[in-house]
Amino acid sequence: MLYEALVLIAIAIAASFLFRGTIDTQLDGLPRTLFQIYLWLVIGFYFMWCWLRGGQTLPMKAWKLRVISADGQGITATQATLRYLYAWISLLSLGIGFLWAFIDKDRQFLHDRFARTRIVKSA
């Protein structure tokens, strides 16, 4: 997750420059809310694009991990979307969904269970 955070920081900085180039006001009130939604969508696009194009983000490639469907195939757009949404719920609930992997019989995150996906070692 640390490697993923480093990539996300770079993506957020680049996306911020694009956003700030279009809005020339202080980021408070509605512009701030729009900015937060924008970053959430940009980050979601990054994850879903990577997962749909081979099942791996850059850090996942480094660790030789891949996200696949529970049936062993590549994940669908619906599964990628659900995985992203459920991962946020897992994170915002004090990481409970991530800690779930410690008690899960297959060592899967709770958001993977809900989205019917799983993380496996890749070749």
Side-chain angles (χ1 to χ4, degrees):
M1 286 180 69
L2 178 62
Y3 289 157
E4 204 71 72
L6 294 173
V7 172
L8 292 178
I9 289 169
I11 290 170
I13 289 170
S16 296
F17 283 124
L18 291 173
F19 187 87
R20 292 293 294 176
T22 60
I23 293 183
D24 192 29
T25 62
Q26 280 288 71
L27 284 181
D28 55 353
L30 182 59
R32 181 183 177 133
T33 302
L34 291 175
F35 177 65
Q36 291 169 337
I37 292 168
Y38 164 75
L39 283 181
W40 186 77
L41 291 172
V42 167
I43 291 168
F45 177 80
Y46 158 73
F47 278 116
M48 289 184 271
W49 184 75
C50 290
W51 294 334
L52 291 171
R53 292 183 46 112
Q56 297 174 298
T57 61
L58 184 60
M60 290 174 80
K61 287 180 184 180
W63 287 95
K64 298 188 184 329
L65 299 173
R66 178 180 312 276
V67 63
I68 60 171
S69 179
D71 64 6
Q73 303 298 312
I75 68 173
T76 65
T78 300
Q79 286 176 307
T81 303
L82 288 174
R83 188 172 195 271
Y84 181 67
L85 294 173
Y86 289 140
W88 271 103
I89 294 169
S90 291
L91 186 64
L92 294 175
S93 63
L94 304 175
I96 298 294
F98 292 95
L99 296 173
W100 176 264
F102 290 110
I103 61 169
D104 187 270
K105 66 179 170 86
D106 297 320
R107 309 302 256 174
Q108 295 297 309
F109 298 124
L110 192 55
H111 52 273
D112 283 314
R113 288 284 178 203
F114 289 150
R116 304 203 62 222
T117 59
R118 58 189 170 116
I119 295 176
V120 296
K121 286 280 191 186
S122 63

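Note that this is a predicted model, so its numbers are computed, not measured.
- Looking at every heavy atom in both residues, L99 comes nearest to L94 through CD1-O, 4.4 Å.
- For residues 92-101, no residue pair satisfies the salt bridge (charged side-chain N to carboxylate O under 4.0 Å, His left out) rule, not counting sequence neighbours.
- Pairs passing the salt bridge (charged side-chain N to carboxylate O under 4.0 Å, His left out) check and including a residue from residues 51-60, sequence neighbours excluded, do not occur.
- Its side chain within the 4.5 Å cluster rule, W49 clusters with F45 among the Ile, Leu, Val, Met, Phe, Trp and Tyr residues.
- Closest non-hydrogen pair, A12 versus L39, comes out as O-CD2, 3.9 Å.
- Linking ILVMFWY side-chain heavy atoms closer than 4.5 Å, directly or via other members, places I96 and F109 in two distinct hydrophobic clusters.
- Distance check, rounded to the nearest 0.5 Å: OG1 of T76 to CZ of R116 gives 10.0 Å.
- In this structure, L52 CG and T81 OG1 are separated by 7.5 Å, a value rounded to the nearest 0.5 Å.
- Here I75 contributes atom CD1 and M48 contributes atom CE; the two are 9.5 Å apart, rounded to the nearest 0.5 Å.
- Looking at residues two or more places apart in sequence or on another chain, you find a ring pair (Phe, Tyr, Trp, His ring centres under 6.0 Å) between Y38 and F19.
- Closest non-hydrogen pair, K121 versus L65, comes out as CD-CD2, 4.1 Å.
- The side chain to side chain contact (heavy atoms under 4.5 Å, CB included) search around T33 returns I37, not counting sequence neighbours.
- Residues T117 and Q108 come closest through the heavy atom pair O-OE1, 4.2 Å.
- Within the 3.5 Å criterion, the main-chain N or O of F102 finds a donor-acceptor partner in the side chain of R107.
- Sorted by first and then second residue, the pairs that involve residues 88-98 and meet side-chain hydrogen bond (donor to acceptor under 3.5 Å, both in side chains), not counting sequence neighbours, are Y84-W88, S90-H111.
- Applying the salt bridge (charged side-chain N to carboxylate O under 4.0 Å, His left out) rule to pairs touching residues 83-93 yields R83-D112, sequence neighbours excluded.
- Scanning both residues, A80 and W51, for their nearest heavy atoms gives O-CZ3, 3.5 Å.
- Counting heavy atoms from C-beta outward, F47 and L8 have side chains that approach closer than 4.5 Å.
- Hydrophobic clustering, defined by side-chain heavy atoms of Ile, Leu, Val, Met, Phe, Trp and Tyr closer than 4.5 Å, groups I68 together with V120.
- Residues passing the ring pair (Phe, Tyr, Trp, His ring centres under 6.0 Å) test with Y46, sequence neighbours excluded: none.
- Residues meeting the side-chain hydrogen bond (donor to acceptor under 3.5 Å, both in side chains) test with D106, sequence neighbours left out: R113.
- Hydrophobic side-chain contacts under 4.5 Å tie L82 into a cluster, directly or through other members, with Y86, I89, W100, I103, L110, F114.
- Across S69 and R118, no two heavy atoms sit closer than the pair O-NE, 3.8 Å.
- Residues meeting the side chain to side chain contact (heavy atoms under 4.5 Å, CB included) test with I13, sequence neighbours left out: I9, F17.
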